[in-house]
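Down below is the structure, laid out as structure tokens.
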Protein chains: 2
Amino acid sequence: MKRRENGGSTANALLGLLTLKPMSGYDIRALTERSIGHFWSESYGQIYPGLRLLEKEGLVEKMTKQSAGRPEKNVFSLTRDGRERLKAWLDLPPVHEVPRSELLLKLFFGHHAPEGANLRHIEAVRDAHQQGVEIYKTMERRLKLEEAGDPQLPYWLMTLSFGRHRSQALVDWANESLDQLRVLEKKKKSAKK
Amino acid sequence: MKRRENGGSTANALLGLLTLKPMSGYDIRALTERSIGHFWSESYGQIYPGLRLLEKEGLVEKMTKQSAGRPEKNVFSLTRDGRERLKAWLDLPPVHEVPRSELLLKLFFGHHAPEGANLRHIEAVRDAHQQGVEIYKTMERRLKLEEAGDPQLPYWLMTLSFGRHRSQALVDWANESLDQLRVLEKKKKSAKK
DNA sequence: GGGTGCATGTAATGGGTTACATGATTCT
DNA sequence: AGAATCATGTAACCCATTACATGCACCC
């Protein structure tokens with residue numbers, strides 16, 4: 001039995017993804033980017049060894065698939081044990097960790113920054129999250145059409161809504177902060193003269 | 001020269017903190033929790049070796065301090081080079097990494113969760129962030145009084161405002177999602193009967 | 001005598017990304 | 001001819017937390 005100190009988020013993410021359909025490591029990587037990419041990421045260095053561990057524990061099953069003119073593919077699917085393990089994990093309260101933000105770290109020391117740096121950084125996040133809001137909205141519309149009727153749809157939409165709320169909050173914050181910064185920088189300039 | 005692949009956030013966080021006043025590793029740890037704890041964390045395992053590296057590079061200076069009835073203290077202060085290094089780093093655009101959220105991961109697979117689990121998880125974040133909003137507000141009020149006149153105050157307030165905006169967004173999102181979840185769970189129950 | 005706070009540090013461990021190695025096929 | 005996509009995997013690193021080891025002083 002392998003110890004998993006952190007609750008095995010990665011392992012369970014793999015199990016979760018395999019509920020969608022049987023997949024290879026390669027498939028999983030591609031899918032994560034399109035589906036849960038805005039709040040989760042997995043790299044090959046995690047996925048391939050992870051799948052092997054899960055197989056050893058009997059939580060997933062490997063089947064080798066041959067397709068015409070394609071490399072061989074190792075397709076994994078959930079076992080009954082795997083499904084149960086996932087369910088048990090979903091029941092546990094998610095561990096919350098304080099996200100590290102380099103932006104805020106820099107802003108906290110903003111008084112020592114070269115002129116204009118703070119403004120530039122915040123403008124960048126405002127632009128990024130303004131785009132973010134639009135992206136979330138179009139994704140929500142698309143999902144509602146494409147996956148209509150799927151019992152999982154409401155949950156997927158909630159994660160998108162989360163992203164939209166967060167991005168919108170950051171846009172609002174950025175605009176407020178930019179106003180204040182502009183006043184500050186003006187004061188600094190006039191004080192210098 | 002030591003390679004620092006990630007831009008040396010930790011090293012620069014240490015430099016930044018030492019602009020506030022000369023401090024020991026122990027002081028730094030204590031201060032981080034109270035000041036930048038809501039978006040950054042440093043552990044002893046990072047701080048002590050980090051300070052040594054910075055000393056070797058000539059970016060900080062160590063002075064040993066003896067106090068009556070206290071253990072010996074290694075107090076570090078910024079050098080001119082350290083100040084410059086910090087300034088250069090502040091100028092660079094902050095690297096943004098997608099924060100991993102175990103909550104969203106679980107919610108994405110919420111259809112497979114045991115009854116009530118999703119509601120429980122979201123209620124917990126709602127409560128936590130509702131508290132968060134209040135904490136940020138009182139911290140803002142306190143800072144404005146205690147640090148009135150400090151040229152760094154506006155920057156510190158902006159980081160608090162960030163936290164408040166984000167927490168408020170999460171509360172709003174949580175309440176929306178809880179409404180939807182309650183409808184969903186009711187449907188599931190009546191479908192079972 | 002025992003808990004708490006001050007103070008410094010290392011070792012073990014865990015979790016994760018990036019770069020590399022390999023090689024076929026398909027599209028331009 | 002060369003780029004892109006499909007596909008699997010490992011090794012080297014980096015970053016970070018946790019637990020541990022040590023010890024004094026102060027208060028209850």
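Order of the sequence lines fixes the chain letters, A, B, ..., with proteins taken first and strands second; residue numbering starts at 1 for each chain.
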Which whole-number value in Å describes the distance from [X] [atom1] to [N] [atom2]?
| X | N | atom1 | atom2 | result |
| --- | --- | --- | --- | --- |
| B/E33 | C/dG5 | CD | P | 12 Å |
| A/Y48 | C/dG16 | OH | C1' | 17 Å |
| A/D27 | D/dC6 | CG | C1' | 10 Å |
| A/Y26 | C/dA24 | OH | P | 17 Å |
| B/L51 | C/dG9 | CG | P | 9 Å |
| B/I47 | C/dT10 | CD1 | P | 13 Å |
| A/L53 | D/dG9 | CG | P | 13 Å |
| B/E97 | D/dC15 | CD | P | 11 Å |

Less than 6.0 angstrom separating the ring centers of A/Y136 and A/H165, yes or no?
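No, the ring centres sit 6.0 Å or more apart.
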For the side chain of A/T10, counting heavy atoms from C-beta on, which of C/dG16, D/dT10, D/dT8 is nearest?
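The listed nucleotide nearest to A/T10's side chain is C/dG16.
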Which pairs with one or both residues in residues 119-129 of chain A pass side chain to side chain donor-acceptor pair (under 3.5 Å), sequence neighbours excluded?
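For residues 119-129 of chain A: A/R120-B/D91, A/H129-A/S167.
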Taking the cut-offs as 6.0 angstrom to the six-membered ring centre and 45 degrees off its axis, would you call B/R29 and B/Y44 a cation-pi pair?
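Ring-cation test returns yes.
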Could you tell me whether the phosphate oxygens of D/dT8, OP1 or OP2, come under 4.0 Å of any side-chain nitrogen or oxygen in A/S24?
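Yes, such a contact exists.
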Any idea which heavy atoms bring A/L18 and A/L51 closest together, and the distance?
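The pair with the smallest heavy-atom distance is CD1-CD2, 4.3 Å.
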For nucleotides 17-21 of chain C, which of its nitrogen or oxygen atoms have a protein nitrogen or oxygen under 3.5 Å away, and what is each distance?
{"from": "C/dT17", "atom 1": "OP1", "to": "A/S41", "atom 2": "OG", "distance (Å)": "3.1"}
{"from": "C/dT17", "atom 1": "OP2", "to": "A/S43", "atom 2": "N", "distance (Å)": "3.4"}
{"from": "C/dT17", "atom 1": "OP2", "to": "A/S43", "atom 2": "OG", "distance (Å)": "2.7"}

For A/D27, what residues pass the side chain to side chain donor-acceptor pair (under 3.5 Å) criterion, not counting sequence neighbours?
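So A/D27 forms a side chain to side chain donor-acceptor pair (under 3.5 Å) with A/S24, A/K73.
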Both B/R52 and A/W40 contact DNA chain C. Taking the nearest nucleotide for each, which residue is further toward the 5' end?
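That would be B/R52.
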Side-chain donor or acceptor of A/T79 paired with backbone N/O of A/L59 under 3.5 Å:
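Pair found, side chain donor or acceptor close to backbone of A/L59.
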Please check: side-chain N/O of A/K106 versus main-chain N/O of B/W89, any donor-acceptor pairing under 3.5 Å?
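Yes; judged by distance alone, with no hydrogens or angles, the pair exists.
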